[in-house]
Amino acid sequence: MEDNTRVKVGRLLAGEPLVAGLMTLSLTLLPSLMPGAIALESFPAAGRNALEFSEVGPEVGPEIELTRNEDASYTIIVDLEASAEDIWSVIADYGSFNQFLPNIVSSEILEVEGNRHVVEQVSEQQVLFFQVRSRLRTENLETQNQRIDFRLLEGDLNQLEGYWVIEATENPQVHRLRQTVTATPPPGTPDAVFHTIFRQSLTDNLAAIRDEIQRRQLDGEAHLTVNP
């Protein structure tokens with residue numbers, strides 16, 4: 001069955017204090033490092049069955065929806081008033097992820113061959129009393145302005161694979177950014193703790209991507225105003 005719990009972005013999802021497993025929680029730090037698949041296809045607003053995440057505070061942004069699928073993967077979605085090109089320019093900007101994704105301290109493109117990019121990212125995060133550092137190296141296969149499929153090559157998770165997709169909607173000014181991802185923690189990590197933190201990190205990363213898209217749009221508008 002799908003998990004349909006409603007929560008809020010920005011709410012700390014606290015698991016049980018299973019300290020023994022926290023030292024291996026580096027696996028949770030980079031869930032959406034690699035923008036996965038982007039495919040331009042229509043996706044009606046009605047009929048979606050997902051977790052709805054909305055920000056707390058006066059500046060409420062677009063809703064972020066998260067679903068735990070029957071195969072244990074996660075799907076996370078946000079609608080953006082942006083072109084496919086605007087969205088792509090952020091999710092495929094691997095070398096700049098440390099500038100706008102939370103907890104990422106470095107992101108380096110190691111190899112480029114055609115539409116294949118190998119990227120290594122290092123993340124640091126405070127987990128209770130511990131400063132946890134993690135490293136992931138992923139392969140990213142791009143379909144320009146449409147899709148990125150990613151998979152783990154090596155790093156601090158047993159499994160990480162999925163895709164990002166950019167989908168057209170009924171409104172030509174709005175595109176839907178969707179990520180589907182499967183992750184498995186390393187041995188010794190309590191499953192409940194891992195997935196609690198992983199879910200929060202998925203929403204945090206997508207919110208950061210959304211904000212970066214909007215920031216770049218505003219910068220572009222300001223540039224056009226100064227240089228008509």
Side-chain angles (χ1 to χ4, degrees), residues 7-15 22-36 51-66 68 74-80 82 86-109 119-138 140 148 150 152 155-157 160 162-164 177-183 185 189 193-219:
V7 297
K8 301 277 186 182
V9 169
R11 176 186 175 188
L12 177 62
L13 300 177
L22 291 177
M23 292 303 291
T24 57
L25 284 178
S26 56
L27 42 115
T28 67
L29 304 183
L30 306 175
S32 84
L33 301 183
M34 300 304 124
L51 290 168
E52 294 182 0
F53 288 76
S54 58
E55 292 182 298
V56 178
E59 296 182 4
V60 177
E63 284 188 340
I64 294 175
E65 299 177 2
L66 174 66
R68 181 100 185 256
Y74 291 93
T75 297
I76 187 164
I77 299 168
V78 67
D79 287 353
L80 299 164
D86 286 344
I87 297 171
W88 178 267
S89 70
V90 172
I91 67 169
D93 192 7
Y94 313 114
S96 300
F97 283 172
N98 59 309
Q99 297 178 22
F100 58 86
L101 287 182
N103 303 313
I104 304 236
V105 296
S106 70
S107 184
E108 182 181 0
I109 301 171
V119 180
E120 182 169 285
Q121 296 179 343
V122 176
S123 174
E124 291 182 353
Q125 181 170 323
Q126 189 75 25
V127 180
L128 293 185
F129 306 109
F130 307 110
Q131 185 73 22
V132 180
R133 186 178 182 91
S134 73
R135 180 186 66 87
L136 293 179
R137 182 174 295 184
T138 60
N140 303 267
I148 307 172
F150 59 91
L152 182 69
D156 296 324
L157 286 173
L160 178 69
Y163 59 87
W164 290 88
L177 177 59
R178 170 198 299 266
Q179 183 190 36
T180 296
V181 58
T182 302
T189 302
V193 174
F194 169 77
H195 285 286
T196 293
I197 299 176
F198 186 73
R199 286 159 58 115
Q200 185 67 55
S201 63
L202 285 174
T203 61
D204 290 346
N205 281 338
L206 188 55
I209 289 170
R210 176 201 63 199
D211 293 346
E212 179 66 10
I213 291 168
Q214 294 173 343
R215 186 193 68 78
R216 294 188 188 189
Q217 287 176 322
L218 291 174
D219 285 351

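Numbering of residues begins at 1 and proceeds along the displayed sequence.
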Legend entry - Qualifying residues under side chain to side chain contact (heavy atoms under 4.5 Å, CB included), relative to Ala208, sequence neighbours excluded: Leu101, Pro102
Legend entry - Thr189 OG1 to Phe194 CZ distance, which is reported to the nearest 0.5 Å: 8.0 Å
Inset, instruction - Return yes if some donor-acceptor pair links the side-chain N/O of Ser123 with the main-chain N/O of Asn103 below 3.5 Å, else return no. - result: yes
Legend entry - Test: Asp219 and Arg215 ion pair at under 4.0 Å: yes
Inset, instruction - Please answer whether the main-chain N or O of Arg135 pairs with a side-chain N or O of Asp156 as donor and acceptor at a distance below 3.5 Å. - result: yes
Legend entry - From Gln121 atom CD to Glu108 atom CD, the distance as rounded to the nearest 0.5 Å: 11.0 Å
Legend entry - Ser107 side-chain N/O to Asn98 backbone N/O, donor-acceptor pair under 3.5 Å: no
Inset, instruction - Please report the closest heavy-atom contact between Val78 and Glu63, naming both atoms and the distance. - result: CG2-O, 3.4 Å
Legend entry - Atom of Leu157, atom of Pro185 and distance for their closest heavy-atom approach: CD2-CA, 4.4 Å
Legend entry - Min side-chain heavy-atom separation Arg210-Ile64 under 4.5 Å: yes
Inset, instruction - Considering non-hydrogen atoms only, spot the tightest contact between Ala82 and Gln217 and give its length. - result: CB-NE2, 3.2 Å
Legend entry - For Ser89, side-chain hydrogen bond (donor to acceptor under 3.5 Å, both in side chains) partners two or more places apart: none
Inset, instruction - Indicate yes or no: at least one non-hydrogen side-chain atom of Val193 is less than 4.5 angstrom from one of Ile197. - result: yes
Inset, instruction - Report yes if some heavy atom in the side chain of Gln179 is under 4.5 Å from a heavy atom in the side chain of Ile209; otherwise report no. - result: no
Legend entry - Parallel, tilted or perpendicular, as decided by the 30° and 60° cut-offs, for the rings of Phe100 and Phe97: perpendicular
Inset, instruction - Hey, could you give me the CG/CG distance between Leu160 and Leu136, rounded to the nearest 0.5 Å? - result: 6.0 Å
